[in-house]
Amino acid sequence: MLLAVFAFATLSTVLTASQPVFAQSSAIISEVRVEGNQRIEADTIRSYLLISVGTPYDRSRVDRSLKALFNTGLFADVTIRQEGDAVIVNVVENPIINRLAFEGNQRIEDETLTAEIQLRPRIVYTRARVQNDVQRIITVYRRSGRFAATVEPKVILLPENRVDLVFEINEGEETGIKKIRFFGNDNFSDSQLLGEISTEETRWYNFLSDSDTYDPDRLTFDRELLRKFYLSKGYADFRVVSAIAELTPDRDGFFITFAVEEGPKYKFGAIDVKSEIKDISPEALFEQVTTIEGETYNADKIEDTIQKITFELGKLGYAFVNVRPRIDRDRENLTIAVTYEVNKGPRVYVERINITGNVRTLDYVIRREMKLAEGDAFNTALLRLSQSRVRGLDFFEKVEVTQEEGTAPDKTIINVDVQEKSTGELSVGAGFSTTESVSANLQIRERNLLGRGQDLRFGISVGAQSQTVDIGFTEPYFLDRDLSAGFDIFRTVRDYQDESGYDLERTGFVLRSGFPIRENVRGDVFYSLVNEKIDNLASNAPVSIQKASGEYLISSVGYTITISDLDDTLFPTTGSKYTFGQTLSGLGGDVRSLATNASYIRFFPVYENDVVLSTGITGGYIFGLGEDVILAQRYNVGGRNFRGFDNRGIGPRDIASGDALGGNAYFVATAELRFPVGLPDEYGVLGRTFLDVGTLTTIDDNDPGIVDDPSIRAAVGVGLNWVSPFGPIQINVAVPLLKEDYDKEEIFQLDFGTRF
């Protein structure tokens, strides 16, 4: 018993001795001493402590003081101990980053990685921060499709508690999409569904696209694309059960699997329109309905009908109508009846037009494009046209036109929010074509001068066969009217030695003005004064060209009328364009003539908007007023305007020298079919097949050595257009079907140009 009591007393003494002294709440701290600090002031460290001189020891306060010091991220280690009445705080400071570097990164620049991470030189180094930045770097690489990338941080110790931090990066191979699979698709093949989604399987020809790399956001978008596709084909119950991306064990690719439930195919049932607007009868709105009873159900047609009804009511002044389709699904008969309910809304007037976001562009430049003014009756058609006109200025990255209710039920406020983009251009270009050879150009242009919408440009073009310098200025609203006015000053030197055995110099200016005549119809008038010089004649130049040698001052006035309803200026799919113009020379100067020119082209969508047929014709006729038409004013045909024939390849020609002399009358008719070639749309590759038919004839010179046959020429061919990353490329291969023996052929044409 005595032995047990003695053992217990001894153990209690040992345990008491091992407890920190600051556990004794009765002791009062007389000193708090900081040791081990190099950069951080002792008072700064004391400010984080919950104990101080004159306060009693408290275990919980000491524990919280330790946590507070560690949470600063400034210290690698902290200990707090007691010596008598003093408390000793010993710290080991984290080092300071002296230099930060990346090694092994070839695909992603240092600047990009630096912007993503949080560590910087002169920032305290901690392991937690380094690991966080490692994950950020890995995330950057995964966003670029490299899921096999690894990052190893290396620390180089330096004097004065400093370190160099190096992220050693193994980028790995790009992680592509090895296979995309579909389950549950009984009515559409895998290849059909692959054509509807944006993600693609990795193929050798996808080097210009990132659509074959895994992106979770793109996968979510693909789910929606599949849903829209099936809803447009009648499968109203369709749903995507799951979309799973699985990374291969070696992390070099993904397998993506879509599980779908198609459900049955529906047809449209009864179609009806109900209107709560007193003055609008449902029968009047039926003309806008595109859904037809008995046809395959198509959700796109429902949306199209809603848009058309809303648009039609907007033209009548009803701004805030709500067209809601009520769906009645008959699962037994597999029909879907649709009732378009038009909710009542008041006739609305424009109370105010607010314009925001334009920092540089003046308000009136935007307001003059608006077809609605404050106080006008609201019109949806005019609002859309206004938005299109503001976008057409090409001064803004974004143009959003929205409505909100005004101060009264019959008033609306129109908000025009724009985001400006750079309108100044400094471009250097280079190109090659079989007709023009190598060329280079430099252009300086400002399309929104001083924010007033004015266009000023200066350009220089130098090629193997031509050199041009020109300056142009355009005021789009001259005298505050919808009347453009401008001028061009130019000088061109052109080498026609190969085709006609002479050089042509043109120096002059043009004063021009344009104005709208009516919707889709525009007129342009101009006056030009040009000095033309024909010299450097070839030694074997024919008499007709020798007689044309010299200088001519040509003073001309003319006009052009353009009628166009094309849906797109670059790659139209529907609509037509007609131009007609005349030029009268003889208001002073040395030349008197009248030239008439016309062209017409029409586009027809053959299959959706992918296959487009275009037919057109262009022609002109010039005659002298009491004198012969001079050489430089005659028309020339071939090259770009008549494929299959060389530049100036057809028309009157001197037999002895082979020189082209041009003609007073011509026409070229064209039929062309444009179609996709099977590559993804983002590559911008389109195929063409075409037929060109035309002639060039009539020359005033009656030299017996000249041949002038008005016979019809024709050529058929195929072509390729590629909007490449290096610039637009056009290739034509054409074979003449009808020609004269003296015509000059050109089977292959290549045009390439780029700007950088």
Side-chain angles (χ1 to χ4, degrees), residues 433-436 494 496 499-500 558 560-564 566 569 571-572 575-583 593-604 612-623 629 631-653 659-674 688-699 707-721 730-751:
S433 74
T434 52
T435 57
E436 301 293 337
R494 183 64 191 253
Y496 289 121
E499 301 94 342
S500 301
T560 301
I561 296 174
T562 304
I563 305 172
S564 175
L566 298 178
T569 56
F571 290 111
S576 61
K577 182 178 181 180
Y578 171 75
T579 62
F580 178 85
Q582 290 184 301
T583 302
S593 64
L594 178 64
T596 302
N597 300 280
S599 67
Y600 175 78
I601 188 168
R602 183 166 183 82
F603 293 86
F604 307 88
V612 179
L613 173 67
S614 63
T615 58
I617 185 170
T618 181
Y621 179 66
I622 184 172
F623 62 91
V629 176
L631 178 65
Q633 282 198 308
R634 296 174 193 157
Y635 299 108
N636 291 280
V637 175
R640 289 192 180 98
N641 62 2
F642 201 149
R643 293 159 291 191
F645 294 92
D646 200 356
N647 193 29
R648 297 190 170 202
I650 70 171
R653 189 177 301 276
D659 290 334
L661 304 176
N664 295 354
Y666 86 99
F667 85 88
V668 177
T670 298
E672 181 173 292
L673 188 69
R674 189 178 77 219
R688 293 176 288 106
T689 181
F690 55 83
L691 171 67
D692 289 348
V693 178
T695 189
L696 172 66
T697 186
T698 307
I699 187 171
V707 290
D708 178 13
D709 194 327
S711 62
I712 299 297
R713 278 78 158 179
V716 64
V718 295
L720 201 67
N721 281 30
Q730 184 178 107
I731 299 173
N732 293 318
V733 178
V735 178
L737 300 177
L738 300 174
K739 69 182 187 68
E740 296 298 325
D741 293 338
Y742 54 84
D743 291 338
K744 305 294 184 181
E745 299 179 18
E746 185 178 60
I747 305 300
F748 177 78
Q749 291 181 355
L750 168 65
D751 284 311

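For clarity, every value in this text was computed on a predicted model and none was experimentally measured. Just so it is clear, the values below take in all heavy atoms, side chains as well, and ignore hydrogens, waters and symmetry mates.
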[X] side chain near [Y] side chain, heavy-atom distance below 4.5 Å:
| X | Y | result |
| --- | --- | --- |
| Arg648 | Tyr496 | yes |
| Thr698 | Pro652 | no |
| Phe690 | Leu673 | no |
| Asn664 | Phe623 | no |
| Ile747 | Val733 | yes |

Stepwise side-chain contact (heavy atoms from CB on, under 4.5 Å) test for Leu594 and Tyr621: CA-CA 8 Å; Leu594 178 64; Tyr621 179 66; over 6 Å; no

Quick check against the 3.5 Å criterion: does [X] have a side-chain atom that pairs as donor or acceptor with the backbone of [Y]?
| X | Y | value |
| --- | --- | --- |
| Arg653 | Leu661 | no |
| Thr695 | Ser711 | yes |
| Thr618 | Val668 | no |
| Asp646 | Glu745 | no |

From CA spacing to verdict: side-chain hydrogen bond (donor to acceptor under 3.5 Å, both in side chains), Asp659, Ser500: CA-CA 4 Å; Asp659 290 334; Ser500 301; 5.7 Å; no

Pair Thr579-Thr562, side-chain hydrogen bond (donor to acceptor under 3.5 Å, both in side chains): steps then yes or no: CA-CA 4 Å; Thr579 62; Thr562 304; 5.7 Å; no

With rounding to the nearest 0.5 angstrom, report the [atom1] to [atom2] distance, [X] to [Y].
| X | Y | atom1 | atom2 | result |
| --- | --- | --- | --- | --- |
| Ile731 | Gln749 | CD1 | CD | 11.5 Å |
| Ser576 | Tyr600 | OG | OH | 4.0 Å |
| Thr615 | Leu613 | OG1 | CG | 6.0 Å |
| Asp709 | Asp741 | CG | CG | 10.0 Å |

Side chain to side chain donor-acceptor pair (under 3.5 Å) partner of Asn732, chosen from Arg643, Arg640, Arg688: Arg688

Working for side-chain contact (heavy atoms from CB on, under 4.5 Å), residues Ile622 and Arg634: CA-CA 7 Å; Ile622 184 172; Arg634 296 174 193 157; 5.7 Å; no

Nearest non-hydrogen partners of [X] and [Y], listed with the distance:
| X | Y | value |
| --- | --- | --- |
| Gly644 | Pro736 | O-CG, 3.4 Å |
| Glu746 | Gly639 | OE1-CA, 4.4 Å |
| Gly620 | Tyr635 | C-CE1, 3.6 Å |
| Ile712 | Leu738 | O-CB, 3.6 Å |
| Val716 | Leu691 | CB-CD1, 4.3 Å |
| Asn636 | Gly662 | OD1-CA, 3.5 Å |

Audit row: Ser614, Arg674, side-chain hydrogen bond (donor to acceptor under 3.5 Å, both in side chains) steps and yes/no: CA-CA 8 Å; Ser614 63; Arg674 189 178 77 219; over 6 Å; no

Pair Thr689-Glu672, side-chain donor/acceptor within less than 3.5 Å: no

Any donor-acceptor N or O pair under 3.5 Å, side chains Thr670, Asp692: yes

side-chain contact (heavy atoms from CB on, under 4.5 Å) between Tyr578 and Ile601, intermediate numbers included: CA-CA 7 Å; Tyr578 171 75; Ile601 188 168; over 6 Å; no

Enclosure of Lys577 NZ (heavy-atom neighbours >12, cutoff 6.0 Å): no

Distance under 6.0 Å and angle within 45° of ring axis: Arg713 vs Phe642: no

Stepwise side-chain hydrogen bond (donor to acceptor under 3.5 Å, both in side chains) test for Asn597 and Tyr666: CA-CA 10 Å; Asn597 300 280; Tyr666 86 99; 4.9 Å; no

Chi angles and distances behind the side-chain contact (heavy atoms from CB on, under 4.5 Å) call for Phe580, Ile563: CA-CA 9 Å; Phe580 178 85; Ile563 305 172; over 6 Å; no

